[in-house]
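This report concerns only the one structure given below.
Order of the sequence lines sets the chain letters (A, B, ...), proteins ahead of strands, with each chain counted from 1.
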Amino acid sequence: MNDYLSRLNAEQREAVETVDGPLLVLAGAGTGKTRVLTTRFAHILLTGRAFPNQVLAVTFTNKAAREMRERVSAILGRPAEGLWLGTFHALCARMLRRHADLVGLSSSFNILDTDDQLRLLKQVMEAGRVDAKRWVPQALMAIIQRWKDRGLTPERVTPAEDTDFADGKARTLYAAYQERLHALNAADFGDLLLYMTEILRGHPDVLAQYHRMFPYILVDEYQDTNLVQYLWLRLLAQAHKNICCVGDDDQSIYSWRGAEVENILRFEKDFPGARIIRLERNYRSTAPILAAASGLIAHNEGRLGKTLRPGGNDADGERVTVVSLWDSDEEARMVGERIESLRRDGHALAEMAVLMRAGFQTRAFEERLITLAIPYRVVGGLRFYERAEIRDAIAYARMLHQPADDLAFERIVNVPRRGVGEQALRAMHERARERQIPLSAAALSLAEEGALRGKVRDAIKELFAGFARWRELLERDGHVVTLATLLDESGYTEMWKQDKSADAPGRLENLKELVRAVADFDTLAGFLDHVSLVMENEESAESDRVGLMTLHAAKGLEFDTVFLPGWEEGLFPSQRTMDESGAKGLEEERRLAYVGLTRARRRAIVSHAANRRIYANWQSSIPSRFIDELPDAQVERSGSAALQRDRMIAAPSFGGAGFGGQFPMVARRPVRTIEAWEQPARPARADAIPVGARVFHQKFGYGTVTAAEDDKLDIAFDKAGAKRVLDRFVERAK
DNA sequence: TCAAGGTCTGTTTTT
DNA sequence: CAGACCTTGA
């Protein structure tokens, strides 16, 4: 019966069973953090301490929330329903809908995403006569976000806080922005937390209500919380103090996004008598990998102190490999070859990943893997609801739901093209301001008065006739049918059908997927909430593919084999981070390296290249200091770094704007290695592909060759449209 | 209004 | 180099 407890080690069990009172669990990488959290959740329920809806469980990502829900259900042996389990934002949105009036919103408020925010800010800046060329709106957005991260409403921002943006106008602009949001009955992501915290601070009755509702609180990834999130949690936990936070200060890699590791240190102060339990037994990685990671992170100061120890399996395992290479091409080749050889030995591709510092680095590996015909998946990138077509479709849906949604109206009024340009839009804005009416109403009145010219007027009238029809349809046939009809009748689907670009078919697919997804919701409103807070990219089929992703995206994942390329000064640690955040920045970079290494179960291959192509030209770089910080005993170095160093010294060097101009630039074009000379750059192919041939490309699919020049082929792809690609990236189709 | 050409600028990302 | 963004000209 206590079966679920028997699967835990002593510390884990303690963390699960210490149910009452504040508890901080410092869980090192791979020490069973999620297991503790989910088991604890289930334990609280199974011991009858609380009903499922009395535990507030908070995560950062939807993925983590989903996972937790599944695992709790698994322990309970039945689907866990009625839980308050979700991201900070989703939970706050849910709460805020009940108290929206307390902050001057109606409960049907819209949640704006980054795109809407930015457009709104631009308008606010324009109205405030701030030159958008001198001061980029993005910078203001970042400032406002940081303020919100710290729980600062415009009134709480002191003049001293007001940075030098637009000569100290940021605070005023922030206030104006909030006013606009109110006028639109909208909140941005930051507002969800900011408002809820304000409400809990200012309304003891509401606070007391939540204290009764949630006798238990669980928090995942605590090291990533920012100040408002912390304040929100503290308010909610204040009465009963049954709060359990799980985190790892060594894996704090989001300070640039407002996260404050200090929240971990503060925990004991705010909750006197808090228990602290350390989970240090790692069940994921081999001893050498753990030792290497520990040795590296030991270079950081101000840690809470944790040492990962091998959990079960004995101390064997391959040492961490450090490979020195001449240039980035060689690095990509090395990684490709090793993946191939592991694959030959029967290792699954899905158990391998290439983790890098920045997104642009994926490209080199993508190209290499395409030539080797190794399937891969790029993790990250655009999320589903960030795609233009999805955002457009959602804007249409929002107009249906709330005709006064100015931002949605502005987005779709000329998509597809209706001839509504800058001028017409300006007239609408003017009218809307004059009469204090929504933009759409202004547009309609202008059209009816004939203030808009023929074509534009007809188009606007037709659009409104459409919306009238679709709203009727919504009443009668429900939201699924309506959305599909709307997309067709508005000409939106047609627009993409006419579009000849390569991604148009994919976009149409996405739109279909969207309509399918709407069917999962009872109401349009429910769907709209989901879409702005939760909707993610459905990962295509669980097929066997190598993962390519940033180190940030890799957090929380694990693989048998992990490749860590690009460990060079300037790139990793990133020069920019060090310039901006100094010693603190460097420590965060080191934690990122630690996160990377601890993703590996059995093998970690670190590499660096002496020369790398950045933008147009070649630059040389020296190995990352993190490589030197790996304990020698755990590391096997290969690729004759010494030789590389000699060459770098021998090469003519000149200063220049490199990575911050710090590093000696060596050869503009690297001297090729002997190995590279032996391999002709372009292997002459006897089987040159003739014009008219049917070919297959890993990324673009099937197509027909329309022209050939040297090794470049012009191909009309069936799905992806016309492209020019190198012949070695395609194979002839049978 | 819109397509074509020119300039600029290059982290990390969730909600 | 390559994508994003903006200005320009029709």
| field | Nearest-neighbour nucleotide for the A553(A) side chain, dC2(B), dT15(B), dT13(B) considered | value | dT13(B)

| request: For dT12(B) versus dC5(C), give the span between their P atoms, rounded off to a whole number of Å. | output: 15 Å

| field | Heavy-atom side-chain proximity of R398(A) to N110(A) below 4.5 angstrom | value | yes

| Could you state the CD-P distance from Q138(A) to dT9(B), rounded to the nearest angstrom? | 13 Å

| message | Below the 4.0 Å mark, does dT15(B) have OP1 or OP2 next to a side-chain nitrogen or oxygen of T114(A)? | response | no

| Among dC2(B), dC1(C), dT13(B), the nucleotide that comes nearest once only the side chain of W256(A) is considered | dT13(B)

| request: Taking only Lys NZ, Arg NE, NH1 and NH2, and the carboxylate oxygens of Asp or Glu, determine whether D116(A) and R119(A) approach each other closer than 4.0 Å. | output: yes

| Quick one: which of dT13(B), dA3(B), dC1(C) gets closest to the side chain of R417(A)? | dA3(B)

| said: Whether E221(A) and K555(A) form a salt bridge (side-chain N of Lys/Arg under 4.0 Å from carboxylate O of Asp/Glu) is what I want to check. | reply: yes

| query | Where the side chain of A358(A) is defined as all heavy atoms beyond and including C-beta, which of dC2(B), dT12(B), dT15(B) is the nearest nucleotide? | reply | dT12(B)

| message | Side chain of R613(A), heavy atoms from C-beta onward: which of dT15(B), dC1(C), dC2(B) has the nearest atom to it? | response | dC1(C)

| query | Would you say N62(A) reaches dT15(B)'s phosphate, i.e. side-chain N/O to OP1/OP2 under 4.0 Å? | reply | yes

| field | Options dA2(C), dT15(B), dT13(B), nucleotide nearest the side-chain atoms of R257(A) | value | dT13(B)

